Engineer: 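Let me give you the structure first, and then I'll get to my questions.
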Amino acid sequence: MFTKHDMSRNACQLFGGQAKCGYDWWWHSFTGIHAETGEERPFFVEYFLCNPASGGEEPIFGQLPQNKESGKKPSYFMVKAGAWGKNGRQLHRFFGWKDTKLDWGAPFKVGAEDCFATENEIRGSVRISEAEAQTHPEWMCDAGSIAWNLEVEKLIPFNVGYGAGTLFRKLQLFEMFWHAEGMKSAYRGEVIWEGERYLVTPETCYGYQDKNWGKDFTTPWVWLSSNHLTSEITGEKLKNSVFNIGGGKPKIGPIALNRKLLSAFCYEGKEYEFNFSKFWTFTRTKFDCHETETEIVWQVEQCTWRNRMVTEVTCQKKDMLLINYEAPNGTRRHTRLWNGGNGVGMVSLYGDGKLIDRIHAENIGCEYGEYDAIQAYQSKSSR
């Protein structure tokens with residue numbers, strides 16, 4: 001059963017070697033409604049730890065020229081927050097370890113100043129001026145302001161099983177781990193975005209929470225998830241359903257498993273999982289992700305002995321962000337990592353060779369980045 005909560009996986013995992021060269025983050029995404037106009041806007045908030053055992057009292061930025069030259073690795077607690085859609089942007093706030101408080105057990109707690117996260121609450125603020133954004137390219141962010149104060153209830157998890165199990169975590173075998181404690185989450189509270197108030201409610205937030213940790217980032221990097229789902233057959237809203245797809249090219253030590261995805265669909269309480277680490281299910285995956293002039297396109301097909309899921313998603317580039325991270329070693333290979341919260345698409349779900357449902361999906365959280373594909377696209381665009 002993948003719908004088994006496990007707060008031990010949602011706790012901080014940066015022990016041993018990953019404390020010196022590793023990252024760990026808690027990602028939250030949800031939709032808010034403008035308090036006056038009723039306009040929808042999707043938001044994201046992330047709490048990101050990088051190399052806690054390699055730093056000092058103040059943040060160390062890997063993109064500073066002097067740090068690149070000396071090979072000094074980044075080390076900080078970063079709070080990333082922002083919005084997708086028209087005039088969307090990402091805002092970063094950094095803290096050194098003297099200002100950061102971290103509880104390593106479960107349930108976790110992490111925070112600095114007014115920024116705070118635990119299993120059932122997130123709050124904080126980020127404000128970056130135009131001058132600061134231009135003067136500090138090492139911050140890798142835009143200018144703007146956001147504040148949030150939200151309660152979180154994690155309704156349905158995606159527990160990926162052995163890939164993030166106790167043994168694999170202790171041995172730190174994977175380059176990048178994944179756990180979604182709240183692939184369907186209910187958020188309640190408010191966001192102040194550029195001085196405008198947005199209300200966030202369980203009924204309309206279409207919330208999501210997961211975490212990644214490890215030593216580096218995968219390529220290709222794929223993520224798709226939504227719980228704003230409607231049956232094309234009955235026309236009914238699927239209120240107890242959510243799907244989640246993630247992965248790309250997992251690495252176990254030096255061994256790369258090419259083009260592998262982990263997927264789960266909780267369809268009105270019934271579980272359908274497509275997980276390559278559960279070899280006895282004989283999971284097969286085919287996927288294609290690419291960008292056109294105006295949009296990003298995902299096509300994923302996964303099968304087991306009994307079940308099949310076909311997912312087709314698009315998201316307009318104008319509604320997305322090129323999301324910024326630096327790896328724990330200080331490099332920035334992912335310079336074209338598309339990230340959005342306004343994807344739309346269709347999921348066809350089959351069991352024992354028969355169509356169970358065709359599901360229209362909205363408010364899809366989505367991500368795609370690939371080093372080789374970036375080079376190919378840039379080469380094509382320059383012709």
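Here the structure is a predicted model, which means the values were calculated and not measured. Values below: every heavy atom of this structure, side chains too, minus hydrogens, waters and symmetry copies.
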Engineer: For Y325 and F48, I'd like to know if the aromatic rings sit close, meaning centre-to-centre distance below 6.0 Å.
Structural biologist: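 Between Y325 and F48, the centre distance is under 6.0 Å.
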Engineer: Who pairs with R188 by side chain to side chain donor-acceptor pair (under 3.5 Å), at least two apart in sequence or on another chain?
Structural biologist: none
Engineer: Run the salt-bridge test on E119 and K154 with the 4.0 Å N-O cut-off and return the result as yes or no.
Structural biologist: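 Here E119 pairs with K154 in a salt bridge, since their nearest N and O are under 4.0 Å apart.
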Engineer: Ring centres of W213 and F177 under 6.0 Å apart?
Structural biologist: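 Yes, the ring centres sit under 6.0 Å apart.
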Engineer: Would you say K237 has more than 12 foreign heavy atoms packed within less than 6.0 Å of its NZ?
Structural biologist: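 Atom NZ in K237 is packed in, count exceeds 12.
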Engineer: Report the residues that fulfil side chain to side chain contact (heavy atoms under 4.5 Å, CB included) with P137, sequence neighbours left out, ordered by chain and then residue number.
Structural biologist: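 Testing P137 for side chain to side chain contact (heavy atoms under 4.5 Å, CB included), a comparison that skips the adjacent residues, returns none.
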Engineer: For atom CD of E194, decide whether the heavy atoms of other residues, nucleotides or ligands shown that lie under 6.0 angstrom number more than 12.
Structural biologist: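 Buried by this count: over 12 neighbours within 6.0 Å.
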Engineer: Just wondering, more than 12 heavy atoms not from R284 lying within 6.0 Å of its CZ?
Structural biologist: yes
Engineer: Just grab all the side chain to side chain donor-acceptor pair (under 3.5 Å) pairs involving residues 51-61, residues at least two apart or on different chains.
Structural biologist: none
Engineer: Give a yes or no on whether the ring-centroid distance for Y368 and W338 is below 6.0 angstrom.
Structural biologist: no
Engineer: Would W27 and N212 count as a side chain to side chain donor-acceptor pair (under 3.5 Å) here? Give the steps.
Structural biologist: CA-CA 8 Å; W27 169 273; N212 286 97; over 6 Å; no
Engineer: Got a salt bridge between R336 and E291, using NZ or NE/NH1/NH2 to carboxylate O under 4.0 Å?
Structural biologist: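 Yes.
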Engineer: How would you list, by chain and number, every residue that makes a side chain to side chain donor-acceptor pair (under 3.5 Å) with N339, sequence neighbours excluded?
Structural biologist: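 Partners of N339 under the side chain to side chain donor-acceptor pair (under 3.5 Å) test: W84, E367.
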Engineer: Verify whether the ring centers belonging to F287 and W298 lie closer than 6.0 Å.
Structural biologist: no
Engineer: Would you call D114 and R123 a salt bridge, taking side-chain N to carboxylate O under 4.0 Å as the test?
Structural biologist: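 Salt bridge absent between D114 and R123.
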Engineer: For the CZ atom on R332, are there more than 12 heavy atoms of other groups (residues, nucleotides or ligands in this structure) within a distance under 6.0 Å?
Structural biologist: yes
Engineer: Measuring centre to centre across the rings, with the benzene-like ring taken for any Trp, is F95 within less than 6.0 Å of F77?
Structural biologist: yes
Engineer: Taking NZ, NE, NH1 and NH2 as the nitrogens, is one of them in E301 or R308 under 4.0 Å from a carboxylate oxygen of the other?
Structural biologist: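 Judged by the 4.0 Å cut-off on N to carboxylate O distance, E301 and R308 do form a salt bridge.
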Engineer: Please name all residues satisfying side chain to side chain donor-acceptor pair (under 3.5 Å) with D357, sequence neighbours left out, ordered by chain then number.
Structural biologist: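 Checked D357 against side chain to side chain donor-acceptor pair (under 3.5 Å); matches are S231, Y267.
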Engineer: How would you list, by chain and number, every residue that makes a side chain to side chain donor-acceptor pair (under 3.5 Å) with W223, sequence neighbours excluded?
Structural biologist: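 Partners of W223 under the side chain to side chain donor-acceptor pair (under 3.5 Å) test: Y208, N244.
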